[in-house]
Amino acid sequence: MPELPEVETIKNDLSQKVLNKKISKIVIKKPKLVKSSYTNFKKDLLGASFFEIDRIGKLLIFSFRKGKKEKYLLVHLKMTGQFIFVGHNSLVAGGHANSKEESKRYRMGGLEKGLPNKFSHIIFYFGEKEILYFNDMRQFGYMKIVTKDELDIIKNKYGIEPLQKNFTWKNFQKIFQNKKTNIKAFLLKQDVISGLGNIYVDEILFASGVLPTRTVAALSEGELRKVFENTKSIIKKAIKYRGTTFSDYVDSSGKRGNFSDFLKVYGKQKTLCPKCARTEILKIKVAGRGTHFCPYCQN
DNA sequence: AAGATTGTTGCTTA
DNA sequence: TTAAGCAACAATCT
């Protein structure tokens, strides 16, 4: 599941690869993934080039010019979306990556061969031989082109960003005052804090020693402070290690994220807690999501 | 073979 | 009016 660190990694990598290169061809195999006008999609993008790639929360923003106006290609990867950039023809194996075994290997991050595969739904060509594949097994992801005004409206719906200046203890405290929902559900809300998903929320709460079921308003100042600090540090560290691969995520070169090696609770149910070494990590459902925690270390 | 998987939206309920 | 809760969505794996 691409969350903030994974999307940030993709943003940084793609910025090195596709900026200011002319889009020479676009192949759309699954039109329903284009959520804006389908007829305008190619019309707007063909011949254009992206001059900047940005990110808010888990949403990628590709800026380009259409005539004198700036427009924006928004891409959300949702759960299984991937961007794979291929600079040479070497990886393109003529469209046969469709065996069960091969697609599994592919999703697990072992990009050995086979592009496009049956999950390559939208394909951008840059110049003669550079190709950007948008793959999405579950077809939850989407692309859409918006104007500046539309972009501003969308941006305004996002909460504070863990990496930005306004992510301060003061602001954090203010936002978390008197909220009656549990801390897990609250941290997942994109209009509160943008970019956190199921993996990082579980990791942040474990690091903070706070049970995911705790009501926000009932947290002590010290506990809340830990949640704040750990949100910053864990997100930063995850970006440093190029994100987490749990099932489907790979970066734009098809490589896995290395933060997987640092996961302490996510996916670790039935194993011993790495901190107290005496209690099994439990997995329950909170906020409708699989939730991992140590009942001894988290209170 | 039914249930779990998750990010987001939009509807319902309090 | 606002906040919280939850079903729905899609496709695949266990």
Side-chain angles (χ1 to χ4, degrees), chain A residues 1-8 10 29-36 55-61 74-83 97-109 117-122 134-144 146 150 153-159 161 174-204 212-218 235 243-249 257 260 263 265-270 282-292:
Chain A
M1 303 56 78
E3 304 179 26
L4 190 157
E6 291 77 33
V7 179
E8 178 74 12
I10 292 170
K29 295 183 178 179
K30 280 273 189 301
K32 70 165 181 174
L33 301 193
V34 175
K35 301 294 183 186
S36 56
R55 174 194 61 74
I56 184 161
K58 303 165 191 169
L59 186 69
L60 283 163
I61 305 167
L74 307 185
V75 183
H76 204 300
L77 301 171
K78 291 287 182 84
M79 292 158 60
T80 54
Q82 303 172 327
F83 266 126
N98 299 335
S99 75
K100 218 169 191 177
E101 191 47 42
E102 188 166 347
S103 45
K104 184 172 181 181
R105 214 186 310 132
Y106 182 68
R107 286 186 299 98
M108 293 301 291
N117 60 32
K118 65 175 172 180
F119 306 125
S120 305
H121 304 313
I122 299 178
F134 177 64
N135 303 335
D136 190 355
M137 184 177 69
R138 296 191 194 171
Q139 301 174 36
F140 261 30
Y142 64 81
M143 291 194 182
K144 69 178 182 184
V146 299
E150 291 167 325
I153 292 168
I154 290 165
K155 276 185 169 177
N156 281 333
K157 290 178 185 164
Y158 282 90
E161 280 262 343
K174 202 182 293 173
I175 294 166
F176 279 67
Q177 262 172 16
N178 301 322
K179 295 295 186 271
K180 295 193 177 98
T181 188
N182 62 67
I183 183 72
K184 166 123 187 185
F186 201 62
L187 289 172
L188 285 171
K189 284 171 76 82
Q190 300 301 299
D191 53 353
V192 174
I193 299 182
S194 48
L196 301 184
N198 208 29
I199 296 175
Y200 293 108
V201 166
D202 280 7
E203 293 297 319
I204 289 163
T213 47
R214 291 278 301 282
T215 302
V216 175
I235 291 300
T244 302
T245 295
F246 189 74
S247 58
D248 301 284
Y249 170 75
S260 323
L263 293 179
V265 288
Y266 188 86
K268 306 288 187 188
Q269 62 273 20
K270 296 179 181 169
L282 298 185
K283 182 177 183 184
I284 61 172
K285 197 155 256 201
V286 180
R289 298 288 172 249
T291 299
H292 315 72

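In what follows, every chain begins at residue 1, and chains take the letters A, B, ... in the order their sequences are listed.
Applying the side chain to side chain contact (heavy atoms under 4.5 Å, CB included) test between A/F83 and each of A/I122, A/N135, A/L60 identifies A/L60 as the sole match. Test A/K144, A/E150, A/M143 against A/S36 for side chain to side chain contact (heavy atoms under 4.5 Å, CB included) and you get one pass: A/K144. Residue A/L59 is tested with A/K155, A/H76, A/Q190 for a side chain to side chain contact (heavy atoms under 4.5 Å, CB included); the sole match is A/H76.
Nucleic acid contact for A/Y266: sugar-phosphate only, since backbone atoms but no base atoms lie under 4.0 Å from a heavy atom of the residue.
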Could you list, one pair per line, each protein nitrogen or oxygen that sits under 3.5 Å from a nitrogen or oxygen of nucleotides 9-11 of chain C, together with the distance?
from	atom 1	to	atom 2	distance (Å)
C/dA11	OP1	A/K32	NZ	3.4
C/dA11	OP1	A/Q139	OE1	2.9
C/dA11	OP1	A/Q139	NE2	3.2

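Distance A/N178 CG to C/dT2 C1': 14 Å, rounded to the nearest Å. For the pair A/I56 CD1 and B/dG7 P, the computed distance is 18 Å after rounding to whole Å. Computed from coordinates, the A/R289 CZ to B/dG7 P distance equals 6 Å when rounded to whole Å. Here the C1' atom of nucleotide B/dT9 and the NZ atom of A/K144 are 11 Å apart, to the nearest Å. B/dG7 atom P lies 14 Å from atom OH of A/Y142, rounded to whole Å. Remark: C1' of B/dT5 and CD1 of A/I284 are 17 Å apart, rounded to the nearest angstrom. In this structure, A/F176 places its CZ atom 15 Å from C1' of C/dA3, rounding to the nearest Å. The distance between atom CD1 of A/I153 and atom P of B/dT9, rounded to the nearest whole Å, is 14 Å.
For the pair A/R55 and A/L4, the tightest heavy-atom approach, listed with the atom from each and the gap, is NH1-CG, 3.4 Å.
Within the 4.0 Å cut-off from OP1 or OP2 of B/dG10, not a single side-chain nitrogen or oxygen of A/K157 is found. In this model, the phosphate group of C/dT2 is not approached by any side-chain N or O of A/K180 to a distance below 4.0 Å at OP1 or OP2. Side-chain N/O atoms of A/T181 include one lying less than 4.0 angstrom from OP1 or OP2 on C/dG5. Contact check, A/H76 against B/dT8: a side-chain N or O comes under 4.0 Å of OP1 or OP2.
When atom types are taken as modelled, the side chain of A/T245 and the backbone of A/Y249 share a donor-acceptor pair closer than 3.5 angstrom.
Looking at residues 188-203 of chain A, you'll see that no heavy atom sits under 4.0 Å from any atom of DNA chain C.
When only modelled atom types and interatomic distance are considered, A/T291 and A/K184 share a side-chain donor-acceptor pair under 3.5 Å.
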* Given the rule in the side chain to side chain donor-acceptor pair (under 3.5 Å) test, do A/T80 and A/D136 qualify, once you have shown the distances and angles that lead to the verdict? -> CA-CA 5 Å; A/T80 54; A/D136 190 355; 2.5 Å; yes
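Between A/H292 and A/Y266, the ring planes are tilted. Angles from 30° to 60° get that label.
Residues satisfying the side chain to side chain donor-acceptor pair (under 3.5 Å) criterion with A/R214, sequence neighbours excluded, are A/E223.
With distances taken from any side-chain atom of A/K179 to the nucleotides B/dT5, B/dG7, C/dA4, the minimum falls on C/dA4.
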